[in-house]
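What follows is one structure encoded as structure tokens, with my remarks underneath.
Values reported hereafter were calculated over all heavy atoms of this structure, with side chains retained and with hydrogens, waters and symmetry mates removed. Only a predicted model underlies this, so the values are computations on that prediction, with no experimental measurement involved.
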Amino acid sequence: DLALDYVKPIAKKIPEQGFALVLVEPLLQPVYQQDIAEALGKGFRAPILDIIDSSDISARALADERGAAARMAEALRYTQIKLITKPGDRTQQTLVRRIRSWLQKHAPGMSATRLGR
């Protein structure tokens with residue numbers, strides 16, 4: 001919800017490049033879950049990655065609902081990835097690799113920089 005609340009007032013100004021939204025097993029308030037256009041508007045152009053734990057039946061049902069909401073909102077670059085997540089380092093490494101790979105493909109040329117004080 002925090003990410004979508006942040007995006008909501010600026011969604012129309014967000015360009016196709018220079019921004020990417022990554023949701024990891026999101027639990028959204030019902031208004032966003034059922035109508036993501038409430039936060040993003042229609043035709044959101046920036047890439048969105050929605051990662052789901054495919055071993056969780058309720059998470060899969062919510063993911064299907066979000067996918068349908070994204071199609072109805074005409075989110076142009078919405079992608080869902082289903083992973084089986086088990087607690088442990090391998091799961092975290094797999095998650096990081098998948099996000100990195102997706103960002104390299106869908107948000108090329110972007111980089112995250114750690115800023116020191």
Side-chain angles (χ1 to χ4, degrees):
D1 290 343
L2 292 175
L4 294 178
D5 286 341
Y6 172 80
V7 169
K8 186 175 181 174
I10 60 171
K12 290 183 179 168
K13 298 176 191 173
I14 293 175
E16 188 172 335
Q17 294 182 347
F19 181 89
L21 180 61
V22 177
L23 306 170
V24 179
E25 296 186 31
L27 294 174
L28 304 177
Q29 59 182 300
V31 67
Y32 291 158
Q33 176 67 30
Q34 296 165 2
D35 184 9
I36 202 161
E38 178 65 31
L40 303 177
K42 288 277 190 180
F44 189 73
R45 298 176 307 209
I48 302 169
L49 175 61
D50 184 357
I51 298 177
I52 298 109
D53 178 1
S54 64
S55 66
D56 183 340
I57 293 171
S58 62
R60 288 192 325 235
L62 290 172
D64 290 343
E65 191 174 85
R66 280 192 309 279
R71 285 188 301 278
M72 290 179 62
E74 300 170 6
L76 303 176
R77 299 175 67 198
Y78 177 85
T79 305
Q80 280 188 347
I81 294 177
K82 294 179 179 160
L83 297 174
I84 295 177
T85 60
K86 296 177 187 173
D89 288 340
R90 282 191 192 263
T91 299
Q92 186 172 356
Q93 290 171 356
T94 299
L95 178 63
V96 169
R97 278 194 312 269
R98 291 298 298 265
I99 292 171
R100 181 182 297 129
S101 173
W102 183 85
L103 287 171
Q104 287 172 343
K105 181 178 180 182
H106 296 278
M110 301 300 299
S111 65
T113 304
R114 172 177 264 173
L115 299 175
R117 291 184 183 209

Interatomic distance, CZ@R66 vs CD1@I36, rounded to 0.5 Å, equals 8.0 Å
Begin from the C-alpha positions of V22 and W102 and carry the test side chain to side chain contact (heavy atoms under 4.5 Å, CB included) through to its verdict. CA-CA 10 Å; V22 177; W102 183 85; 4.1 Å; yes
Heavy-atom pair of closest approach, residues Q34 and A69: O-CB, 3.7 Å
Is the backbone of L62 close enough, under 3.5 Å, to the side chain of Q33 for a donor and an acceptor to pair up by distance? yes
If we only count heavy atoms from C-beta on, is the L49 to H106 side-chain gap below 4.5 Å? no
Could you measure the distance from the CG atom of L21 to the CZ atom of F44? Nearest 0.5 Å is fine. 6.5 Å
Value rounded to 0.5 Å, distance of CG in D53 from NZ in K82: 11.5 Å
Close side-chain approach of V24 to I99, heavy-atom, < 4.5 Å: yes
Should we say atom NZ of K12 is surrounded by more than 12 heavy atoms from elsewhere, each under 6.0 Å from it? no
Does any donor atom in the side chain of Y32 or D1 lie under 3.5 Å from an acceptor atom in the other side chain? no
Might you point out which heavy atoms bring P47 and E16 nearest each other, and give the distance in Å? CD-O, 3.6 Å
In terms of heavy-atom contacts, A107 and A20 come closest through CB-CB, 4.3 Å
Taking side chain as C-beta onward, heavy atoms only, is R45 less than 4.5 Å from R77? no
Do F19 and V7 pass the side chain to side chain contact (heavy atoms under 4.5 Å, CB included) test, and can you show the C-alpha distance, the side-chain angles, and the key distance before you say yes or no? CA-CA 10 Å; F19 181 89; V7 169; 3.7 Å; yes
E65 versus L28: any side-chain heavy-atom pair under 4.5 Å? no
For the CD1 atom on I10, are there more than 12 heavy atoms of other groups (residues, nucleotides or ligands in this structure) within a distance under 6.0 Å? yes
What are the two closest non-hydrogen atoms of D5 and Q29, and how far apart are they? OD1-NE2, 4.0 Å
Where do A73 and A37 come nearest, in terms of heavy atoms and distance? CB-CB, 3.6 Å
What heavy-atom pair brings A75 and I48 nearest, and what distance separates the two atoms? CB-CD1, 4.5 Å
CG of L23 to CD1 of I81, rounded to nearest 0.5 Å, is 11.5 Å
How long is the straight-line distance from CZ of R98 back to CG of L95, given to the nearest 0.5 Å? 9.5 Å
Please answer: with hydrophobic residues joined when any side-chain heavy atoms are less than 4.5 Å apart, are L40 and M72 in the same cluster? no
Any link between L76 and L4 through a network of hydrophobic side chains (Ile, Leu, Val, Met, Phe, Trp, Tyr) touching at under 4.5 Å? no
